[in-house]
Amino acid sequence: MRPRYPSTTLTKSVTMVAVADVLIDAASVLGGDATLRILYVKLVEARTCLGNDHNQWHPAEAALFCIRAISNYVSTVEAEVMPKIVLVQNSQKDKRFCWLIRFKQIMSLLLELPHEPQLLQTVCLTIGAYSKWLDAALDGFPQLSSVIKILLSGMGKSEDSAAAAAVAFRHICDVLYFENLLSNMDQMLTVDCRRKLCGYFDELFSIYNSAVIGEGSFKVSAGDSLHVVEAFRYIGYLRILEISTLSDEIMLRSLDLDVYALFYSMVITELPADQAKLALEKLCLPVVTPLQEIISQGPDVLEKKLARELTVHIDRLAYIFRYVNHPEAVADAIQRLWPILKAIFDIRAWDMRTMESLCRACKYAVRTSGRLMGITIGAMLEEIQGLYQQHHQPCFLYLSSEIFGSDPSCAYYLKNLIEALFKCTTCLLTNIKDFTARPDIADDCFLLASRCIRYCPQVFIPSAVFPSLVDCSMIGVTVQHREASNSILTFLSDIFDLAKSSMGEQYLTIRDSVIIPRGASITRILVASLTGALPSSRLETVTYALLALTRAYGPSALEWARESVSLIPSTVVTEVDQTKIFQALTDAASGVDIKTLMGAVEELSDVCRRNRTVQEIVQGALRPLELNLVTVS
């Protein structure tokens, strides 16, 4: 077997395909390990032919191509050429054995080869083809640092070598991820990978730095860079958006950089606390610098910038704050960066896209660092309160709810904030058309209200805005927007379950003074939702709200339910059907299995939805959009 380089470019591709086919046939007969030993000898011979000026590299490329062609036929326990196999026993009690695999011979040869673009392309492809040995090395990946350096060189040499390096990098991370997937199913697979890669911080950061700042000269095209995205995705276990349909190269590149930021952030999490702060500062610098440059040009320039020119950087901050699990380091970072973020809040508050991106970054900072943010939380909330009353951006409510969940101890400080936010929101949502037009505001408003009930009922329940927000929820229950409707129903359920929240029991009297006068109307609206006002997919959420109401108010709620169901004409729901649903609700309220109630509710729902005419009759009788229905006997 004598691998030789084709004499002309015209015949190269044809020859390579033919040679690969022959080698695969040979490996299937002789065995991959035996074939590899033969080809390794040829690679050694080719190395001696390089010459002093390294211009005779073609035989080495031919040998490497042949070695790559049979990679699928070489066993992972091949012990003579690719690795040296050492049998390791973990302990006397644990009889599990694992293979400690080391790249010695071929890897050392790859490091000695010249970095000619064409040869480097084949080297990178060979590394990718034999990546399955990397994760088996239990002594810290002895050759991984050199492998990453080779791939970095490939990414900057030529477009062809960059494409090969990107593919190889993806294969390496595939192996790191999926091998850990098989052995660490109960640990969500990623911790071991991140810990192993902590030792290669400089190499990994050079990829990130080259991509974000532009230092170095990566030649990876937008299409090939998706392999790098996938590589970081596997280690970071990130479910990124499907990007194959995007045609804008800048958008593709931007998403690549987001994943770089995410991956590096997750590796920082495995660093000791004293190193994490410096590493985080280093990571944020290339992301923040472009924002500083834009802000330094003045408010007019900042206001006229396209949203994408800002959000591409802010979204990276969000990834960083989300995945760096070092609260003190993140709190320190957000404190230093707050003047920059505040400048964007002040000038771009009108821009929904930028505000959503900025609030997302702040949300993750708050979620990670919590009360360690100190005075920065106060400054952030003060900013939100003023801007929401001017611009009505839903994301301001969304950020406020996150702060409540992360640091309930600031509840009293937030009293003025929530009253201002809710008062403004109830003025915006006065009828069902407003809810339909602004579902995001409704969703975030009632999400915030639910968190107020759970974490600080002492602030929210006695407030002047509580009754008006209950009225607002009754108006919007039947909005067809799924998230908005679910948030409203959850808010009502939380009110009925107030006794379950911290310090909630002492505010039951105040709650009752608001709910009892409205109890019959709330019940009627919930029954209408079960029987056609809302899609059947929301039956479970509505049923729980009705059950929580019944458990909270006992006989009163059962009477409200009886009155509501009796409004449905007997031509649609017979007395037997009415008795059945009422009995199921009574049993569920007293602690019987809720499955019985769900069955009765589903049966009632099916009866009332059996055709459009029936559904219109039922909704015409229940009239869920009328808060105060006067029945005529």
4.5 Å side-chain heavy-atom contact, [X] and [Y]:
| X | Y | value |
| --- | --- | --- |
| Thr550 | Thr586 | no |
| Ile495 | Leu549 | no |
| Met474 | Ile525 | yes |
| Glu575 | Ser570 | no |
| Thr543 | Leu526 | no |
| Val618 | Leu567 | no |
| Ile344 | Ile314 | yes |

Give, for atom [atom1] of [X] and atom [atom2] of [Y], the distance between the pair rounded to the nearest 0.5 Å.
| X | Y | atom1 | atom2 | answer |
| --- | --- | --- | --- | --- |
| Thr311 | Asp351 | OG1 | CG | 8.5 Å |
| Ser566 | Phe582 | OG | CZ | 11.0 Å |
| Ser513 | Tyr507 | OG | OH | 13.5 Å |
| Leu498 | Ile515 | CG | CD1 | 10.0 Å |
| Asp443 | Thr490 | CG | OG1 | 9.5 Å |
| Leu306 | Arg353 | CG | CZ | 9.0 Å |

Is there a donor-acceptor pair closer than 3.5 Å between any side-chain N or O of [X] and the backbone N or O of [Y]?
| X | Y | result |
| --- | --- | --- |
| Ser605 | Leu530 | yes |
| Arg524 | Trp560 | no |
| Arg454 | Asp494 | no |
| Arg348 | Met355 | no |
| Ser357 | Thr354 | no |

**Q.** Donor + acceptor pair across side chains of Asn611, Gln615 (<3.5 Å)
**A.** no

Q: Assess the side chains of Thr574 and Asp577: does a donor N or O sit below 3.5 Å from an acceptor N or O?
A: yes

Which atom of [X] lies closest to which atom of [Y], heavy atoms considered:
| X | Y | answer |
| --- | --- | --- |
| Arg609 | Leu539 | NH2-CD2, 4.2 Å |
| Ala361 | Phe321 | O-CD1, 3.5 Å |
| Trp350 | Ile347 | NE1-O, 3.1 Å |
| Thr430 | Cys427 | CG2-O, 3.5 Å |
| Ile432 | Gly476 | CD1-CA, 4.2 Å |
| Cys608 | Ile568 | SG-CD1, 4.3 Å |

Q.
Test: ring-ring contact (aromatic ring centres under 6.0 Å, His included). Region: residues 420-442. Which pairs qualify, not counting sequence neighbours?
A. Phe422-Phe460

Q. Can you check side chain to side chain contact (heavy atoms under 4.5 Å, CB included) on Cys284 and Ile320, steps first, answer last?
A. CA-CA 8 Å; Cys284 290; Ile320 292 169; 4.2 Å; yes

Can you name the residues that form a side chain to side chain donor-acceptor pair (under 3.5 Å) with [X], not counting sequence neighbours?
| X | answer |
| --- | --- |
| Thr425 | Tyr388 |
| Asp497 | Tyr544 |
| Ser529 | none |
| Lys580 | Glu603 |

**Q.** Ion pair Lys305/Glu309, N-O distance below 4.0 Å
**A.** yes

Q. For Leu387, which residues count as a side chain to side chain contact (heavy atoms under 4.5 Å, CB included) partner, sequence neighbours excluded?
A. Phe345, Ala349, Glu383, His391, Phe396

Q.
Test side chain to side chain contact (heavy atoms under 4.5 Å, CB included) on Leu302 and Leu310; report intermediate values, then the result.
A. CA-CA 9 Å; Leu302 177 57; Leu310 300 172; 3.9 Å; yes

Those residues that, when tested against [X], pass salt bridge (charged side-chain N to carboxylate O under 4.0 Å, His left out) (two or more places apart):
| X | result |
| --- | --- |
| Glu540 | none |
| Asp346 | Lys342 |
| Arg360 | Asp315 |
| Arg538 | none |

Q | Residue pairs, two or more places apart or on separate chains, that pass side-chain hydrogen bond (donor to acceptor under 3.5 Å, both in side chains) and touch residues 470-481 | A | Asp471-Arg518

Q: For side chain to side chain contact (heavy atoms under 4.5 Å, CB included), just list the numbers for Ile384 and Cys359, CA-CA rounded to whole Å, side-chain angles, deciding distance to a tenth of an Å, and then say yes or no.
A: CA-CA 10 Å; Ile384 291 170; Cys359 286; 5.8 Å; no

Q.
Once ring pair (Phe, Tyr, Trp, His ring centres under 6.0 Å) is applied, do any residues pair with Phe491, and if so which ones, sequence neighbours excluded?
A. Phe446

(Q) Thr531 vs Gln619, test: side chain to side chain contact (heavy atoms under 4.5 Å, CB included). Steps then yes/no. (A) CA-CA 8 Å; Thr531 55; Gln619 295 304 308; 3.5 Å; yes

